[in-house]
2 protein chains.
Amino acid sequence: MDANILDDISHADPAQRKDREERWAQVVAVSAALFAQKGYEATSLREIAERVGMLKGSLYHYINGKSDLLVHVLREAHSRGVLVLTKIAEREGQALERLEEVITAHAKYICTERVFTAGFIEAHRHLTPDRAREFDVAERNYRKAVERLIARGQVEGDLRDDLDPKVSALCLLGFLNSLHGWVKPASGLTTRRLCDHALAMGLGGLRKT
Amino acid sequence: MDANILDDISHADPAQRKDREERWAQVVAVSAALFAQKGYEATSLREIAERVGMLKGSLYHYINGKSDLLVHVLREAHSRGVLVLTKIAEREGQALERLEEVITAHAKYICTERVFTAGFIEAHRHLTPDRAREFDVAERNYRKAVERLIARGQVEGDLRDDLDPKVSALCLLGFLNSLHGWVKPASGLTTRRLCDHALAMGLGGLRKT
DNA sequence: ATTTCTACCAAACGCCCGTTTGGTGGAAGC
DNA sequence: GCTTCCACCAAACGGGCGTTTGGTAGAAAT
């Protein structure tokens, strides 16, 4: 079933494999760009195929259905975003410093890798529960890591301890993701300044005054 | 063209008018619920008509096209949300207090009127620029009002003045709207507690320490 | 030289969408 | 009692979608 994507292809010679992989990467990249720009539903296979230079039916040599594209786009997004951020959150050290790092990295990711951050919420609607689980788990892990960070910050005395860590984590991540909605490249706001601003506002509500 | 919706109907007798208006309100309410739940594109006229108890073609006695429904849903949402919040933001008084009121009211609106807050971003994609303008203007007015409030709070000495009011306003409103993404009714979190939390986090980053 | 394989084309399929058209039953107006 | 009007039905329309099927040109393998 998943042969086109997942099967071992070591029996193919290197030249063929490279061709196919390059083409496939191109397809995923184009899909990511279009999904980000117009949303998953509003993007047609015809349009994707056109930008890659083939007919829509030919895409089925790479996929078994449209949602395969979504899965692979989301996987790339997660490997660049959520997974990296989770690792940062789980590093050793003073909680407050870790949290600052996470917030800044998250904001930076949102600003610079715009292609991969759009429509995550929309995306879940278009995946069957079992295909979505993979991403749900990753996102939950990240959220939990931030939650633990906040709790530790409270214990260490840097963060106010009258706020529930879970709700705080949800608020913080929601806030950071919301940056995507209005931050535009070339809006006269440098990434650097935006990250500083996000840090000030994201952390300001958590810090002990 | 717009006869079904906008025309003067004073020549109809009261009984008829009431019937029609009640039916129309029902259609809008059902549309709002479905748009919120599944999104605009994913909601079919067939589905809307079914819940109201008619066939999809019959909806065209009330509308001239599907997007009419979106416009009317958004109008109702704006009149309950953005317009109310703008008025609060523009009242007289100490800026900090006003801002607290706005944040709390905004958070409360998001939590209690869930039907009308979903898919605002998606919505814009499905309206022609001239039909969207109405809503763009209202949202901009609100944002500007909050921006002025923050600027005044800085002058009055309650808010830190090293943050750009415009960026701060965008961050704050983005944060508040992001609550919609994860706040669920009956999640064991009362509206009251959520609003307090949102206030603490939203204001914490702006306040002078 | 023949076979095999691969990347892709060309064309059709069924589905469901938003929209249009023409009609119908029953209440309201004269 | 006849006409008018109105809310709605019944059925079709064209179109775009995701998907399937069968074929083909050309390189690689034997």
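All figures in this text were calculated on a predicted structure; none of them were measured in a lab. Note on naming: letters A, B, ... go to the chains in the order of the sequence lines (proteins, then strands), and numbering restarts at 1 for each one.
Nearest to the side-chain atoms of B:Met54 among the listed nucleotides C:dC17, D:dG18, D:dC9 stands D:dC9. Closest approach to the A:Leu45 side chain among D:dG18, D:dC9, C:dG18 is made by D:dG18 (side chain taken as heavy atoms from C-beta onward). Listed nucleotides C:dG18, C:dA7, D:dG18 differ in distance to B:Lys66; the shortest reach to its side chain belongs to C:dG18.
If you check every strand for non-hydrogen atoms under 4.0 Å, A:Gly65 touches sugar and phosphate atoms only. Contacts of B:Thr43 with the nucleic acid, taken as non-hydrogen atoms under 4.0 Å apart, involve only primed sugar atoms and P, OP1 or OP2.
One can place CG of B:Leu55 at 14 Å from C1' of C:dT20, the figure rounded to the nearest angstrom. Remark: P of C:dT19 and CG of B:Asn64 are 10 Å apart, rounded to the nearest angstrom. Rounded to an integer number of Å, the gap from CZ of A:Arg23 to P of C:dA7 is 11 Å. C:dG18 atom P lies 12 Å from atom NE2 of B:His126, rounded to whole Å. The interatomic distance linking B:Arg46 (CZ) with D:dC13 (P) rounds to 21 Å, in whole Å. In this structure, the CZ atom of B:Arg20 is 17 Å from the P atom of C:dA28, given to the nearest Å. Atoms CH2 (A:Trp24) and P (C:dA7) sit 13 Å apart, rounded to a whole Å. The nearest whole Å value for the distance from the OH atom in A:Tyr62 to the C1' atom in C:dT6 is 9 Å.
Note that the CZ atom of A:Arg140 and the OG1 atom of A:Thr86 stand 13.0 Å from one another [nearest 0.5 Å].
When each of A:Gly57 and A:Glu47 is assigned the nucleotide of DNA chain D bearing its nearest heavy atom, the one mapping closer to the 5' terminus is A:Glu47.
For B:His106 and B:Tyr142, the ring centers are positioned less than 6.0 Å apart.
Ring-plane geometry between B:Tyr40 and B:Phe35 is classed as perpendicular, the angle between the planes exceeding 60 degrees on a 0 to 90 degree scale with a lower cut at 30.
Using a 4.0 Å cut-off, no side-chain N or O of B:Ser58 falls inside it from OP1 or OP2 of D:dA7.
Considering only heavy atoms from C-beta on, B:Leu179 comes within 4.5 Å of B:Trp182 through its side chain. Side-chain contact check for B:Glu139 versus B:His78: some heavy-atom pair is nearer than 4.5 Å.
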